[in-house]
Amino acid sequence: MSKADKIKARAPRGFADRGPAEIAATERMLAAIRQSYELYGFEAVETSFVEYTDALGKFLPDQDRPNEGVFSFQDDDEQWLSLRYDLTAPLARYVAEHFDALPKPYRSYRAGWVFRNEKPGPGRFRQFMQFDADTVGAASVAADAEICMMAADTLEKVGIGRGDYVIKVNNRKVLDGVLEAIGLGGETQAGQRLTVLRAIDKLDRLGPDGVRHLLGAGRKDESGDFTKGAGLEPDAIARVLAFTEAKGATNAETIENLRTVVAGSARGEEGASELAEIAALVAGSGYEDRVTVDPSVVRGLEYYTGPVYEAELTFQVQDEDGRPVRFGSVGGGGRYDGLVGRFRSEPVPATGFSIGVSRLFSALKAVKSPVVSGQETPGPVVVLVMDRDQIAAYQRMVSTLRHAGVRAELYLGSSGMKAQMKYADKRQSPCVIIQGSNERERGEVEIKDLIEGAKAADAIASNAEWKSARPAQFSVAENQLVDAVREVLGRHFG
RNA sequence: GCAGCCGUAGCUCAGUUGGUUAGAGCACCAGAUUGUGGAUCUGGGGGUCCCCCGUUCGAGCCGGGGCGGCUGUACCA
């Protein structure tokens, strides 16, 4: 078989492998988030990766493009199934299915992989992890306020310092009021409303001028590509932009500005009142410096019906080329009162928050949070195979170490001693166990401290000296093996 | 999807106006050293020069088409 016939070994576009260091660090971060959610009284729940397509979203994939946006396939009874693209829609299905058995309000959290069939980019994958918390069955904005405060606590728990993040809150009802005022309130303008929404969502990236173009005729980007706009009149554009710029020095001031912008719209005023209530609740618990009302937050999703929130990191770091990197949003959420109701005859209010696990993870690495950059765990103690006919004896040493609770393994390859040393080095072994015929005759084992040895290597220039010195190596009686290994481990991992 | 840039070893890249057997550094493997990681030295494995068609005596290089990657933009329920 020629090489050309071989299958190329590569992960599919937008999918990533993870090694032991990243897995361990992510687990620590997830544990911290879980603790925070648990502390707030949320309970765990897990749903499947696959859902009936119609339970996930509002349309069935059509025959021509069944995988637009989501990964979909047909069951043997021809029903369409899809990989979940977020954790909110599956939760709505779960709550609707088990409605009678669940305590209401139902507070739950869950972490898991979600899948999107979209173009991947740096920091954007087709499989990624989210960590959500939701309160279902509580119409009060106290539920929204609580989730915002929990988001703040959670970020601090994983190592983001106070002042390095902000939880921004807005309300869809206020935006609806603005849209009503410029004549986009009707059912027939739903598409145009969504275009406006998405244009505002790009404020942080494109700035007010870019958004102005998107709200009007359209915008041409630097590659010369043209994006069609929402087609609003200039005074309507001014009104929308005024809304996004209504943020004042304090929450009270911002809400006052918003009341002016939506004056006359009942729905808009209701939204402003809800924001005032949230601001009061947040201030009552002393979170007013971390949870702020910010009209520029809209979120691109259609299903939000009330308060929406976004957790944004405000610090900057430099990448390898010295360019500033902003992490921006690491999580978001909002109230989705219509989602569970799709499955039931009665409306069920709900609100929730979702953390983008990978994005938060890269941010934590950038700020060197101890949660992700804690000490590397040591590799296993490796028992070297010096004489092939003594494998049973070597295996017994491994077994002794394991029963003493020491992570250990027998070298299972076929190479010589030098390669075995390299193997142990690559495995980050704290030490290796050596027993050749000399040691065996004396009833001893040789223990080499690889960490100490590496330090000693700096002072040694010639290879002959390196080999004869045998740094950080000592001999003990066989029955002292466990104690000696523990002593070496104690030197480095206390 | 649209637009721009780019495809040579596992990685980063050289490769002259088109010329014979396509190179370097790093990484990997082995030896120098019967049984010791690092450093040094020596050697070795590894390539359909993304694919196909065309031009040419001759293509890594020129032309056309395709595929793939990166960046921006759109979509992201």
Side-chain angles (χ1 to χ4, degrees), chain A residues 2-6 8-10 12-14 53-61 65 68-70 72 82 84-86 88-89 92 114-122 124-126 128 190 194-195 197-199 201-202 205-206 210 213-214 218-229 299-304 336 338-339 342 356 382 384-387 415-440 446-473:
Chain A
S2 77
K3 186 164 179 178
D5 299 323
K6 296 278 190 189
K8 188 166 185 185
R10 51 170 194 168
R13 213 153 52 96
T53 302
D54 57 359
L56 280 185
K58 53 184 178 179
F59 69 90
L60 281 163
R65 310 170 77 183
E68 185 73 6
V70 301
S72 300
S82 297
R84 63 187 182 192
Y85 55 79
D86 69 13
T88 307
V114 300
F115 303 84
R116 292 190 188 176
N117 193 4
E118 292 163 5
K119 181 189 158 182
R124 285 176 69 86
F125 296 92
R126 296 205 285 175
F128 58 98
L194 198 57
T195 308
L197 212 68
R198 287 172 182 162
D201 203 31
K202 293 176 177 63
R205 197 154 40 88
L206 303 179
H213 286 119
L214 280 177
R219 174 179 174 271
K220 194 185 278 192
D221 68 49
E222 50 264 45
S223 74
D225 193 28
F226 184 76
T227 307
K228 196 173 179 313
R299 315 258 324 141
L301 306 191
E302 218 178 351
Y303 58 59
Y304 291 121
Y336 50 97
L339 224 46
R342 292 188 303 123
V382 175
L384 303 193
V385 174
M386 307 301 289
D387 301 299
S415 300
M417 180 173 186
K418 182 169 174 142
Q420 296 188 37
M421 290 297 298
K422 281 191 173 186
Y423 171 80
D425 194 37
K426 215 166 237 178
R427 290 299 309 278
Q428 319 229 6
S429 300
C431 61
V432 296
I433 310 301
I434 305 165
Q435 190 187 57
S437 53
N438 296 344
E439 291 85 2
R440 188 158 51 247
E446 193 89 9
I447 294 169
K448 180 163 184 134
D449 179 339
L450 294 185
I451 297 166
E452 203 54 49
K455 287 181 199 156
D458 294 340
I460 297 174
S462 85
N463 186 255
E465 188 189 345
W466 162 255
K467 290 186 63 172
S468 62
R470 298 193 176 179
Q473 195 165 335

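Here is how names work: the chains are called A, B, and so on, in the same order as the sequence lines, proteins then strands, and each is numbered from 1.
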Can you measure [X] atom [atom1] to [N] atom [atom2] for me and round it to whole angstrom units?
X        : N     : atom1 : atom2 : answer
A:Tyr304 : B:C76 : OH    : P     : 14 Å
A:Glu439 : B:G35 : CD    : C1'   : 8 Å
A:Tyr423 : B:U36 : OH    : C1'   : 17 Å
A:Lys422 : B:G31 : NZ    : P     : 10 Å
A:Phe115 : B:A77 : CZ    : P     : 17 Å
A:Arg198 : B:U73 : CZ    : C1'   : 15 Å
A:Lys448 : B:G35 : NZ    : C1'   : 11 Å
A:Met417 : B:U34 : CE    : P     : 12 Å

What does [X] touch in the nucleic acid at a heavy-atom separation under 4.0 angstrom: a base, only the sugar-phosphate, or nothing?
X        : value
A:Asp86  : nothing
A:Lys455 : nothing
A:Asp387 : nothing

So, for [X] and [Y], which heavy atoms are closest and what is the spacing to 0.1 Å?
X        : Y        : value
A:Arg342 : A:Leu56  : NH2-O, 4.1 Å
A:Thr53  : A:Ser72  : OG1-OG, 4.3 Å
A:Asp449 : A:Cys431 : CA-CB, 4.1 Å

Could you let me know what [N] is paired to, Watson-Crick or G-U wobble, both distances under 3.5 Å, or none if it's on its own?
N     : result
B:G4  : B:C70
B:U40 : B:A32
B:A77 : none
B:G23 : B:C13
B:G63 : B:C53

Handout entry: A:Arg126 (side chain) donor-acceptor with A:Arg13 (main chain) under 3.5 angstrom
Key =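 Here the side-chain-to-backbone pair exists.
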
Practice task
Taking A:Lys202 for its side chain and A:Arg198 for its backbone only, find out whether a donor-acceptor pair lies under 3.5 Å.
Solution key: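 Present.
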
Would you indicate which nucleotide in [options] comes nearest to any side-chain atom of [X]?
X        : options             : value
A:Arg13  : B:G35, B:C76, B:G69 : B:G69
A:Tyr85  : B:A77, B:G69, B:C29 : B:A77
A:Met386 : B:A77, B:G35, B:A30 : B:G35
A:Met421 : B:A74, B:C28, B:G37 : B:G37

Tell whether [X] reaches the base of [N] with its side chain through a donor-acceptor pair below 3.5 angstrom.
X        : N     : result
A:Lys418 : B:G31 : no
A:Arg124 : B:C76 : yes
A:Lys119 : B:U73 : yes
A:Gln473 : B:U36 : yes

Exercise for the section: Would you kindly compare A:Gly436 and A:Thr195 by the position of their nearest RNA chain B nucleotide and give the one closer to the 5′ end? Expected result: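 Looking at the nearest nucleotide for each, A:Gly436 comes out on the 5' side.
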
Problem - Among A:Val382, A:Leu384, A:Ile434, side-chain contact (heavy atoms from CB on, under 4.5 Å) partner for A:Gln420 - result: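 Only match with A:Gln420 under side-chain contact (heavy atoms from CB on, under 4.5 Å): A:Leu384.
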
Problem - Under 4.0 angstrom between A:Arg205 side-chain N/O and B:U73 OP1 or OP2 - result: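 Checking A:Arg205 against B:U73: at least one side-chain N or O falls below 4.0 Å of OP1 or OP2.
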
